[in-house]
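Scroll down for the structure; my scribbles are underneath it.
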There are 2 protein chains.
Amino acid sequence: MPSAEHVVDGIPDLTAVIPAGGSGTRLWPLSRAGSPKFLHDLTGSGRTLLQATVDRLRPLVGDRVMVVTGRRHADAVRAQVPELRDLLVEPSARDSMPAIGLAAAVLERRDPQAVLASFAADHVIGDLDVFHDRVGQAVRAAREGWLVTLGISPTHPATGFGYIRVGPRLQTADSPDSHHVRAFVEKPDAERARTYLESGDYLWNAGMFVVRATVLLELLDQQHPRMVEVLREIAAAPARLEELWGTLTAVAIDHAVAEPAAAAGRVAVVKAPFDWDDVGDFASLADLLEDSADDQGLRVLGDPDKVVNVGSTGVVVARSGRTVVTLGLDDVVVVDTADALLVTTRERAQEVRNVVALLHGTGREELT
Amino acid sequence: MPSAEHVVDGIPDLTAVIPAGGSGTRLWPLSRAGSPKFLHDLTGSGRTLLQATVDRLRPLVGDRVMVVTGRRHADAVRAQVPELRDLLVEPSARDSMPAIGLAAAVLERRDPQAVLASFAADHVIGDLDVFHDRVGQAVRAAREGWLVTLGISPTHPATGFGYIRVGPRLQTADSPDSHHVRAFVEKPDAERARTYLESGDYLWNAGMFVVRATVLLELLDQQHPRMVEVLREIAAAPARLEELWGTLTAVAIDHAVAEPAAAAGRVAVVKAPFDWDDVGDFASLADLLEDSADDQGLRVLGDPDKVVNVGSTGVVVARSGRTVVTLGLDDVVVVDTADALLVTTRERAQEVRNVVALLHGTGREELT
């Protein structure tokens, strides 16, 4: 009875874990190290990506939301989500495995049967009904001991995402869209991406994991036993966080758990045909803003009254309060902030991260 | 003995007249109605176009410089040229003929033999020795009663300038580069411009006039006798300026005097093979800034340390104090000021004036 679980408190044994990290250097100068993309409203919805992520999970988990973030962003997270129940603050960045692992260790102490669902703080998802249904299916598979991921049905031969190679359907009555995972595969080149798309056997890896806390730690234990020990010590004695955190290996959950578990046949994937985007760069931001396009095809994030367009397409991010005029440009990207301006094209959007490196290399760290 | 005239006080009977008007709408948002282009340093020389115009004329006229400008700009002109001897302030804009005509009427009262040389406040000229020599030749022809213009030797088939059709050499011993003018011709289309260039019979009309004050008023009298009367009344009784100025017809010196005088065989032209530009738009600004190009071909007006370029060509005007990053753009134009930003291409530079009209039409006059 999946629908019975969609009550105010959501699925009783489920907690959402939101690792809120990353600096989003390809979205500079909008996203900065001190103010990364999850703290920004990138869709013009009036909610930041973090807030929208919490909003989206509420029907599934009620107030059982746990955010894991760096010390530098803890105050901003509290300000944006004042009703947040659990905020785990990392003393230093250790990539996603220690962050999600600590959440698992904390939850396991509260409830040995607890299921966690981990979603990045800075992704955009459409079609909430489908999202909620697929998370529900993932939870039911997770209760049976699977490490479950949600795999996004690809809509184009993307080269910017990793893929999941799908195996046969899982024999689970109440999780009809679940399949075995054969393997996680790296970001492909364009030709390989086309073959993935045509085969129908591949889904986009969106980094979403649903798993019993204990199962996650057990899988991690097979690769990094010392890490599991330390995470459980911290969960038992939070005062020791500072002392122990620095001893943890910085590693992504994909490498530490998901890939080896897939090789061991322990990973399932729920096919998820909803719109999804990781807002990786300004080209993808422009895609998201399609509805804001003016009659000439220019998309605007910010106050449209501050943008005067004559025959241009592309995207303008107007965040400085100044008037921005674009005249006769194709697929331009203009990002106007109080202290820095970026002008580029959608085609070159991926290279914005190089700009941030260049700013570091030329003594302009204060802008990054 | 032309060289004898190049002393500290210059050519004794010569006064420079600098009509300082126009709003330079194709250089928006750098140039504004309240701060037109002649008040700006557009070459990175450290001197504004007005200051550079005065500097350039000093060796010819000493301190005999007369600027004619609108009431709105009088304070700025005085601040930029504090040593200015004569500043005529127009109560309202009446185009170039009343402005230069008033200067002529004032000079005629001081010295009936006075020669005036009129140069726009917002042009850029290279090769000063040639400039000074050609003005000297023009003065000598002017003393003989000619309305003399300087015609720039064209370097390409420009469609943005008017042309002068040159006739036979003038029979004047000490003005070897002077010719009769057959006609002033309008801005041509591209094909006609090519035939002009190939023929060798055409020069660019840079709006430079050298003429005895009395001769100018006499020529004007043939078309606009009432205007000459009023101008002489004002010169005799400056207190009546306010009362009489508004009665004058707004007309350009080209139409009021130069074209009819050419038709009457009264105009001479000195061939002037120096670099000249009216800095009409950002494409021509970019040409002027060639020496400022970085190793990738981007030109910068403003603090080059504020511009970070990755693989772009074109021009950046950095006037807001913010850091401007250009990534992967061809022939881009970025003009960054405190309250407005323009992004366009060199190709579309001429259309910037339409933007200003659009700003007026959409309630954004305060930006123009």
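Order of the sequence lines fixes the chain letters, A, B, ..., with proteins taken first and strands second; residue numbering starts at 1 for each chain.
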Exercise for the section: Pick out which of B/Thr344, B/Leu367, B/Val355 makes a side chain to side chain contact (heavy atoms under 4.5 Å, CB included) with A/Val325. Expected result: B/Val355
Practice task
Select one option (side chain, backbone, both, neither) describing which atoms of A/Leu342 are under 4.5 Å from chain B's heavy atoms.
Solution key: both
Problem - Donor-acceptor contact below 3.5 Å, side chain B/Arg364 vs main chain A/Thr323 - result: no
Handout entry: pair B/Leu359-A/Val308: side-chain heavy atoms closer than 4.5 Å
Key = yes
Exercise for the section: Count the heavy atoms of every other residue, nucleotide or ligand shown that sit under 6.0 Å from CD of A/Glu365, and state whether that count exceeds 12. Expected result: yes
Exercise for the section: Answer yes or no: does atom CZ of A/Arg192 have more than 12 heavy-atom neighbours from other residues, nucleotides or ligands under 6.0 Å? Expected result: no
Problem - A/Ser320 versus chain B, the contacting section by heavy-atom distance below 4.5 Å - result: side chain
Practice task
Let me see the working for A/Val352 and B/Leu327 under side chain to side chain contact (heavy atoms under 4.5 Å, CB included), right down to the final yes or no.
Solution key: CA-CA 8 Å; A/Val352 173; B/Leu327 168 62; 3.9 Å; yes
Practice task
Verify the neighbour count for atom CD of A/Glu347: are there more than 12 heavy atoms of other residues, nucleotides or ligands below 6.0 Å?
Solution key: no
Exercise for the section: Under the side chain to side chain contact (heavy atoms under 4.5 Å, CB included) rule, what do B/Arg322 and A/Asp336 come out as? Steps first, then yes or no, please. Expected result: CA-CA 10 Å; B/Arg322 302 180 322 146; A/Asp336 187 48; 2.8 Å; yes
Handout entry: CD/B/Glu186: more than 12 non-hydrogen atoms of other groups inside 6.0 Å
Key = no
Problem - Candidate list B/Val307, B/Val324, B/Val316, test side chain to side chain contact (heavy atoms under 4.5 Å, CB included), partner A/Leu341, passing option - result: B/Val324
Practice task
May I have the step-by-step check of side chain to side chain contact (heavy atoms under 4.5 Å, CB included) for A/Leu329 and B/Thr345, ending in yes or no?
Solution key: CA-CA 7 Å; A/Leu329 300 152; B/Thr345 61; 3.5 Å; yes
Handout entry: Closest-packed option against chain B by number of heavy-atom pairs under 4.5 Å, given A/Val335, A/Val332, A/Thr337
Key = A/Thr337
Completion exercise
Per-residue tally against chain A (heavy atom, under 4.5 Å) across B/Asp339, B/Thr326, B/Val334, B/Thr362 peaks at B/Asp339
Fill in the blank from the handout: So, the part of A/Ala338 with a heavy atom under 4.5 Å from chain B: the answer is backbone
